[in-house]
Each structure stands twice: as structure tokens, then as C-alpha cells.
Amino acid sequence: MLIDRSPPGGLRADHFAQHGWAHGRLRLSAEGQEWEQFASSWDELIPDAYLGQERCRRNRRFSRVLAHRDGTLEPLNGTEFFQSKEINRAFGDQLRVFEPLTDTALASNHFSRMLRETVDLVNEVAGKQDWELGIHFIRVLADADEGSEPAPEGRHSDGHSYVAIHLIGRHQCVGGRNEVFRNNESQAQFSVTMTEPLETLILSDTEMVHDVSEIRPDESSELGWRDTMIVDFNTVPDPAGVAGRTHSSLR
């Protein structure tokens, strides 16, 4: 198993194509007022109402975007999210409806640039095409009494073509180690604890499964959290048939 302890470099399409996963950092700045305003969107997330008795505390929002092959990013109406029980043993076979991303988040240059860089990487590997993107803003919280499982379903795939996990930030927490496994293999191919804003793990969701360990507050705090932006890639045979078309575009 490759355990990455080095500072993240750029995301490499050749590595992604060869191994089914890639780790690195987006080529964007995580400094300044504009970044801070974008990152503050995670303060406006809503408690996840579908967790039940799962050992997880998380807030989230969800929106969909149609990424056209010409580079246009079209926001879509509708925030329904469904996975089968076969894919997600914890939350499968139920239609989950989340609050959408805020207008401020959708209008952020950081948001559109993150999507474009991620889409460009996937298109370099898969060939340029249209994609329906599911975009999850998630904050996993843990307190001193109990850790929190970012993925209570355990080792899993998500039922998409590709999945990108972008770290936005961490606040006084430990844990949250991502592991990537090839399908039907018990030995992890790669393991990393992402610590830098815009650090990214991207994988083929048809070739790989993944997991992430619990987080806990560090010794200096009674509350810690980990913020991520997760992007699901779904193939689109015909953009005209995608539900929720707005025929608008992100800048």
C-alpha cells in the first residue's frame, strides 16, 4: 500500500488513467478574501436529516450541474439524490432531498474554477463528453464524547462514473484518512490524510472502492470538523433529457 506523506503536487491525468485514482492539489489559491468567503459557505450547511442512528454528525447541501462538453457549466434545478441499497447499505433505496447550495456559493469564482479543473481532468482520461455533476458540500463534526464517521456506510463505491473528493479545510480535528482499494481486493492501493485546502483525491468509481476513517477533536478542542466538496460524475447520453435544465451558466 502506498501511504502518501509528501506535500501534494499537481493532479496527473496519466497516473489517473493508469491506476484508476490520482491524488494532488488543484491549481488554485486558497488564500484571500474571495477564498475565505467561499470556504465560509460550509458554515451555512444544514444538519443531515437522514442519518438516523448512524455514528456520524454531518451538515450538508447538494446541487447538480450539467457540465457541457464545450465547457459550459449549467446549474440544474432539483436536489433529489438516490442510491440503491446495493450501492449504499446505510442509506440506499430512499430518495434523499437536500437543501441546495446557496446562491453565493454557486456564484463564487472558486466554485466554478474547481469544477472546471476537475472536469478537465476527467475529460482528459475519459474523453470529452457531457456530465451531470452531483456536488455535495459536507461538514463532518465530532465532539469529545464520540468520534464521527465521515462514511458510515464503510468501504464503498457511490454508483457513479468518477468521484472527486476536495478538501476545503479542517478545524482542530485528527483522523479522516482516505483509503482507496481496487474492486474485490482487501489491500489498499493508496492511503492519505488530506490536510491542505484544495487537496484532492479523485477516482474511478467503477474500478475502485474507498473509505475514510473517523475524525475526532484534537487535544486542544472539544469540537472538530472536516469540510469537503465531493463531485460525482454521471454520464449524459443526451443533455436535452437531463431533468431540471435552467439554460443558464456559471461564470
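Sequential numbering from 1 along the given sequence is applied to the chain's residues.
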For V125 versus A13, what's the shortest heavy-atom pair and its separation? CG2-O, 3.6 Å

Looking only at side-chain N and O atoms, does H23 offer a donor or acceptor that is under 3.5 Å from a partner on E199? yes

Tell me whether the count of non-hydrogen atoms from other residues, nucleotides or ligands lying under 6.0 Å of CZ in R245 goes above 12. yes

For A107, does its backbone N or O pair with a side-chain atom of R251 as donor and acceptor, under 3.5 Å? yes

Can you find a heavy atom in the side chain of F111 that is under 4.5 Å from one in the side chain of R116? no

Under the side-chain hydrogen bond (donor to acceptor under 3.5 Å, both in side chains) rule, what do T246 and S248 come out as? Steps first, then yes or no, please. CA-CA 5 Å; T246 63; S248 61; 2.8 Å; yes

Minimal non-hydrogen separation, E214 against P150, with atom names: CA-CD, 3.8 Å

Which heavy atom of G147 sits nearest a heavy atom of R216, and at what distance? N-NH1, 3.4 Å

Other residues, nucleotides, ligands: >12 heavy atoms within 6.0 Å of E31 CD: no

Set out, in order, the CA-CA distance, both residues' side-chain angles and the distance that settles side chain to side chain contact (heavy atoms under 4.5 Å, CB included) for D120 and K128, then state yes or no. CA-CA 8 Å; D120 286 347; K128 187 174 289 189; over 6 Å; no

Under the criterion side chain to side chain contact (heavy atoms under 4.5 Å, CB included), I'd like the reasoning laid out for V231 against H166: C-alpha separation, chi angles, the key distance, then a yes or no. CA-CA 8 Å; V231 183; H166 302 294; 4.1 Å; yes

May I ask you to decide if F98's main-chain N or O and T79's side chain share a donor-acceptor pair within less than 3.5 Å? yes

Can a side-chain donor-acceptor contact be found between D232 and H136 if the only test is distance below 3.5 angstrom? yes

Distance from L133 atom CG to R64 atom CZ, nearest 0.5 Å? 10.5 Å

V180 backbone acceptor or donor facing Q189 side chain under 3.5 Å: no

Out of curiosity, S161 OG to L203 CG, how far, rounded to the nearest 0.5 Å? 11.5 Å

In sequence, state the C-alpha distance, the side-chain angles, and the governing distance for T118 and I202, and then conclude on side chain to side chain contact (heavy atoms under 4.5 Å, CB included). CA-CA 9 Å; T118 309; I202 189 167; 4.1 Å; yes

Looking at S112 and N109, would you say the former's side chain and the latter's main chain have a donor-acceptor pair under 3.5 Å? yes

Could you report the tightest heavy-atom contact between I46 and R61, atom names first, then the distance? CD1-NH2, 3.7 Å

Hey, mind stepping through H110 and S29 against side-chain hydrogen bond (donor to acceptor under 3.5 Å, both in side chains) and telling me if it holds? CA-CA 9 Å; H110 276 88; S29 171; 5.5 Å; no

Are T193 and N178 close enough, and set up right, to give a side chain to side chain contact (heavy atoms under 4.5 Å, CB included), and what steps lead you there? CA-CA 6 Å; T193 301; N178 290 93; over 6 Å; no

Cation-pi geometry met for R155 and F181 (6.0 Å, 45°): yes

Rounded at 0.5 Å granularity, tell me how far CD in E196 sits from CG in L26. 11.5 Å

Between the side chains of H210 and E179, is a donor N or O closer than 3.5 angstrom to an acceptor N or O? no

Any sub-3.5 Å donor-acceptor pair from R182's side-chain atoms to G20's backbone N or O? no

Where do L28 and R25 come nearest, in terms of heavy atoms and distance? O-NH1, 2.9 Å

Applying the 4.5 Å side-chain criterion to the ILVMFWY set and letting contacts propagate, would V163 and V209 be lumped into a single cluster? no

What is the distance from atom OG1 of T235 to atom OH of Y162, rounded to the nearest 0.5 Å? 10.0 Å

Output yes when a side-chain donor or acceptor of S108 lies under 3.5 Å from a complementary backbone atom of A105, and no otherwise. no

Determine whether M194 and L121 fall in the same hydrophobic cluster, where Ile, Leu, Val, Met, Phe, Trp and Tyr are linked whenever their side-chain heavy atoms lie under 4.5 Å apart. no

Is it the case that over 12 heavy atoms from other parts of the model lie below 6.0 angstrom from the CD atom of Q37? no

S63 side chain vs L101 backbone, donor-acceptor pair below 3.5 Å: yes

For R27, is there any backbone N or O sitting under 3.5 Å from a side-chain donor or acceptor partner on E117? yes

Taking all non-hydrogen atoms of both residues, which atom of L106 and which atom of L250 are closest, and how far apart? O-CD2, 3.5 Å

With sequence neighbours excluded, residues passing side-chain contact (heavy atoms from CB on, under 4.5 Å) with P217: A142

Would you say the rings of W42 and F137 are close, in the sense that their centroids are separated by under 6.0 Å? yes

Ignoring hydrogens and angles, state whether a donor on the side chain of D205 or H160 is under 3.5 Å from an acceptor on the partner side chain. no

Is there a path of hydrophobic side-chain contacts, each under 4.5 Å between heavy atoms of I/L/V/M/F/W/Y residues, joining F16 to M208? no

Test applied, salt bridge (charged side-chain N to carboxylate O under 4.0 Å, His left out); reference residue, R57; option that passes from D143, D48, D145: D143

Whether the N123 and Q129 side chains hold a donor-acceptor pair (N or O, under 3.5 Å, no angle test) is what I'd like checked. no

Strictly distance-based, threshold 3.5 Å: is any side-chain N or O of S213 a donor or acceptor partner for the main-chain N or O of G176? yes

For H68, does its backbone N or O pair with a side-chain atom of T72 as donor and acceptor, under 3.5 Å? no

Are I230 and W131 in one and the same hydrophobic cluster, where Ile, Leu, Val, Met, Phe, Trp and Tyr link if side-chain heavy atoms are under 4.5 Å apart? no

Could you tell me if H19 and S204 have a donor-acceptor pair between their side chains, going purely by distance under 3.5 Å? no

How many angstroms lie between CG in D227 and CD1 in I138, if you round to the nearest 0.5 Å? 10.0 Å

Quick check: is L167 connected to L201 through a chain of hydrophobic side chains (ILVMFWY, heavy atoms under 4.5 Å apart)? yes

Residue D70 excluded, over 12 heavy atoms near CG under 6.0 Å: yes

How long is the straight-line distance from CD of E153 back to SG of C56, given to the nearest 0.5 Å? 8.5 Å

So do I168 and T228 actually touch side chain to side chain, heavy atoms under 4.5 Å? no

Just one of R170, R58, R139 clears the side chain to side chain contact (heavy atoms under 4.5 Å, CB included) bar with R226, so which one? R170

